[in-house]
Participant: 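What follows is a structure written as structure tokens; I'll ask about it next.
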Number of protein chains: 2
Amino acid sequence: MNSSVLTIGDLSKVTSTKVETIRYYERIGLLAAPARTAGNYRAYGKTELGRLSFIRRARDLGFGIDQIRTLLGLSESKKRSCKAVDAIARQHLADVDSKIADLMALRRELDSIISQCDCGTIGECRIIEALAPSRKAGVPTRVLERRVRSR
Amino acid sequence: MNSSVLTIGDLSKVTSTKVETIRYYERIGLLAAPARTAGNYRAYGKTELGRLSFIRRARDLGFGIDQIRTLLGLSESKKRSCKAVDAIARQHLADVDSKIADLMALRRELDSIISQCDCGTIGECRIIEALAPSRKAGVPTRVLERRVRSR
DNA sequence: GCTTGACCCTGTAGTAGCTACAGGGTGCAG
DNA sequence: CTGCACCCTGTAGCTACTACAGGGTCAAGC
């Protein structure tokens, strides 16, 4: 009885990670290739469980694979300053903030477009109108000048 | 001199869309295959320009390719009700809202983790600690019971 | 001892929405 | 007639998985 030997299925359940995803992490080198049983099954221990948990939490927080790779590397040298860790996290926070800002701007525009729709016919739909190029503005002549003259 | 014949490069400049992207839209059937010149160059007219502009604006607003396909289809039957258009837009707005909510939740968590870091050594870094599995909690025995007993 | 069914294996292809070549042809100015 | 900007097709790459196909392994039950 070896309670610390886990199959990939066990790891999958414990970490709420699909089996395929675990194999994928191994393929891309995020997880090391584990020991194998006689029947060629992957045999994991607590180390791998910890590492996968770390990866999952980082992924849930939106860190990218490469960032996680770096974080895992850093987490092994316990004595070094954690400035680099802090920098990665702050960078990620900034990325998230900028994504939020983008989405909020988009949301505002989308909302304003939708609020103009009276739900009549498509011919007079404000949503379609907002997407279609306006009738007044044509192709800026500047852009095509060279070509227009040369034809 | 035919000022309304545009090459793919012209279309690219006018709509701020990469040439490859225009060809990609054609490949996936979002744009129809245009007429060709004697030298096998794509020759676009104002119709295609309008259609591509529509696509770009919709993409900028975050609509997916399939939604745009539907919107383009709907926009051609001018007399029908624009309820379907409205529904797609509202669905998209809801998706955006839920993405924003997800990101804000993530942002809060990330921020709270970062704020705990004193920037000492990695061994005592709160960020790494927050990601690593806590020492107290082990693998829930329940999950592994069957297997543990059987080995 | 044999079957059944749940699990595991490898390898490949698909998802969204492009982007980036490689290896060629076209067209116009100097 | 040469050089350069542009165009063509076709394919592979990107993120982070997910979903098969076509097999092998293992423990339980009859």
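Since this is a predicted model, take the numbers as computed values, not measurements.
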Participant: Tell me whether S12(A) contacts the main-chain N or O of I8(A) through its side chain, where contact means a donor paired with an acceptor under 3.5 Å.
Facilitator: no
Participant: So, do T121(A) and K78(B) sit near enough that their side-chain heavy atoms are less than 4.5 Å apart?
Facilitator: no
Participant: Please check this pair: side chain of Q116(A) against backbone of S112(A), looking for a donor-acceptor N/O pair closer than 3.5 Å.
Facilitator: yes
Participant: What does nucleotides 14-25 of chain C look like as a protein-contact string, B for base, S for sugar-phosphate only, - for none, at under 4.0 angstrom between heavy atoms?
Facilitator: ---BBBB----B
Participant: Once you round it to whole Å, what is the distance between C1' of dT18(D) and CD1 of I22(A)?
Facilitator: 14 Å
Participant: Let me know the distance between CD1 of I55(A) and P of dT15(D), rounded to the nearest Å.
Facilitator: 16 Å
Participant: Does a side-chain heavy-atom distance below 4.5 Å link Y25(B) with R56(B)?
Facilitator: yes
Participant: Would L110(B) end up clustered with I88(A) when hydrophobic side chains under 4.5 Å apart are linked, directly or stepwise?
Facilitator: yes
Participant: Does R42(A) place a side-chain N or O at less than 4.0 Å from the phosphate oxygens OP1/OP2 of dT10(C)?
Facilitator: yes
Participant: Over all strands shown, is I8(B) touching base, sugar-phosphate only, or nothing at heavy-atom distances under 4.0 angstrom?
Facilitator: sugar-phosphate
Participant: Could you check whether any side-chain heavy atom of L11(A) comes within less than 4.5 Å of a side-chain heavy atom of T17(A), counting everything from C-beta outward?
Facilitator: no
Participant: Does a side-chain N or O from R69(A) land closer than 4.0 Å to OP1 or OP2 of dT15(D), or not?
Facilitator: no
Participant: Once you round it to whole Å, what is the distance between C1' of dC7(C) and CG of L6(A)?
Facilitator: 15 Å
Participant: Given the rule in the salt bridge (charged side-chain N to carboxylate O under 4.0 Å, His left out) test, do D111(B) and R108(B) qualify, once you have shown the distances and angles that lead to the verdict?
Facilitator: CA-CA 5 Å; D111(B) 195 42; R108(B) 261 195 308 280; over 6 Å; no
Participant: Tell me whether R23(B) at atom CZ has more than 12 heavy atoms from other residues, nucleotides or ligands lying less than 6.0 Å away.
Facilitator: yes
Participant: Which residues within residues 89-102 of chain A lie with some heavy atom under 4.0 Å of an atom in DNA chain C?
Facilitator: none
Participant: Hey, does the side chain of E109(A) reach the backbone of L106(A) with a donor-acceptor pair shorter than 3.5 angstrom?
Facilitator: no
Participant: Can you tell me if CZ on R126(B) sees more than 12 non-hydrogen neighbours from other groups inside 6.0 Å?
Facilitator: no
Participant: Hey, is CZ on R42(B) packed in by over 12 heavy atoms from elsewhere, all under 6.0 Å?
Facilitator: yes
Participant: Tell me the bend of the helix from dG1(C)-dC30(D) to dG30(C)-dC1(D) as the angle between end helix axes, each from five pairs, rounded to the nearest 10 degrees.
Facilitator: 30°
Participant: May I have the distance from I28(A) (atom CD1) to dT12(C) (atom C1'), rounded to whole angstrom?
Facilitator: 17 Å
Participant: Whole angstrom is fine here: how far is it from CG in N40(B) over to P in dG10(D)?
Facilitator: 11 Å
